[in-house]
Amino acid sequence: MRRPLIVGNWKMNKTASEAVAFIRDFRERVAASPHAEVVLAPAFTALESARNALGPSSWIGLGAQNVHWETHGSFTGEVSAPMLRELDCRYVIVGHSDRRTLFGERDETIQKKVQAALRHGLSPILCVGESLAERETGLTESVVTAQLNGGLAGLSPQDLATVTIAYEPVWAIGTGRAATTEQAVTVHRSIRLFVETGWDNDTASVVRILYGGSVTPQNIEPLLASDAIDGALVGGACLSPDSFARIVRSAQIQRV
Ligand code: PEP
């Protein structure tokens, strides 16, 4: 059985000291549980303070929001996978729709980032998802499949097993309009089938597929009620310790 994963993506929010205050508050509200894994993805500048506030072997993991595919060099403003590993990051979000739409990231660079992350022992969280226009013209599956192909092509089954896929319909991100469980499940099933067809059954059965897009404490339960949904990538609702703790607590009791 796949262990649910809840990832909080702070995006460009919280300074280093705000990150520490959040962690202190959040940890008062929720305890570790074997039934769900929790990851926070602060901005680069808050990673070190977050790591120190969490302490060694914390039950809350750390993730980054982006990574460059080279290890070092003349790439002003970029951060490499070894730099993230040294800060104890376990995960890195790759191909978020902000990166695709605002920063022009394409599948080729996303693929390089996925591969660089894996080479350096980071688990990529590959984000895929269609725009509203694409959904309305019946293109959801082909858009998502193209993004999956773009990001994952050439990975071995062993590598793919450590990748997390986040289905994040662009029209649901930050809009307050989450996908229904039925809409999410349909796409999640097609993603799992994509993995099964392109790799094998065993790999498809272990890859975690998260839903992201306006997840809140109010709508997390019906989403996680489906075993096709292995957790959530949370944006706005992870900025408050209270609402993120409520989401995490729901996940911890859902698959007991
Ligand atoms: C996101 O940006 O990945 C996201 C899911 O944001 P929100 O939860 O605010 O829709």
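Model, not experiment: these values are computed from the prediction.
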Residues, nucleotides or ligands: over 12 heavy atoms within 6.0 Å of [X] [atom1]:
X	atom1	value
Arg106	CZ	no
Gln218	CD	yes
Glu141	CD	no

Please determine if Arg29 forms a cation-pi arrangement with Phe26, meaning its NZ or CZ atom is less than 6.0 Å from the six-membered ring centre and no more than 45° off the ring axis.
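No, Arg29 does not sit over the ring of Phe26.
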Under a 3.5 Å cutoff, is there a donor and acceptor pairing between the side chains of Ser49 and Asn52?
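Checked: Ser49/Asn52 side chains show no N/O donor-acceptor pair below 3.5 Å.
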So, Glu130 and Trp171: side-chain donor and acceptor under 3.5 Å apart, yes or no?
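Yes, because at least one side-chain N or O of Glu130 sits under 3.5 Å from a partner of the opposite role on Trp171.
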For the backbone of [Y] and the side chain of [X], can you confirm whether one donor and one acceptor N or O come within less than 3.5 Å of each other?
X	Y	value
Thr137	Ala133	yes
Arg177	Gly213	no
Glu18	Thr15	yes
Lys11	Gly235	no
Ser243	Ala237	yes
Trp69	Ser80	no
Glu105	Ile110	no
Asp230	Ile209	yes
Thr164	Ile125	no
Arg85	His120	yes

Classify the ring geometry between Tyr167 and His188 as parallel (under 30°), tilted (30 to 60°) or perpendicular (over 60°).
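Answer is perpendicular, since the angle exceeds 60°.
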Could you tell me how the ring of Phe22 sits relative to the ring of Trp10: parallel (under 30°), tilted (30 to 60°) or perpendicular (over 60°)?
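Because their plane-to-plane angle is over 60°, the rings of Phe22 and Trp10 count as perpendicular.
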Can you tell me how far the [atom1] atom of [X] sits from the [atom2] atom of [Y], to the nearest 0.5 Å?
X	Y	atom1	atom2	result
Leu40	Ile6	CG	CD1	11.5 Å
His96	Leu126	NE2	CG	12.0 Å
Leu210	Ile165	CG	CD1	9.5 Å

Any link between Tyr91 and Ile93 through a network of hydrophobic side chains (Ile, Leu, Val, Met, Phe, Trp, Tyr) touching at under 4.5 Å?
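Same cluster: Tyr91 reaches Ile93 through Ile, Leu, Val, Met, Phe, Trp or Tyr contacts under 4.5 Å.
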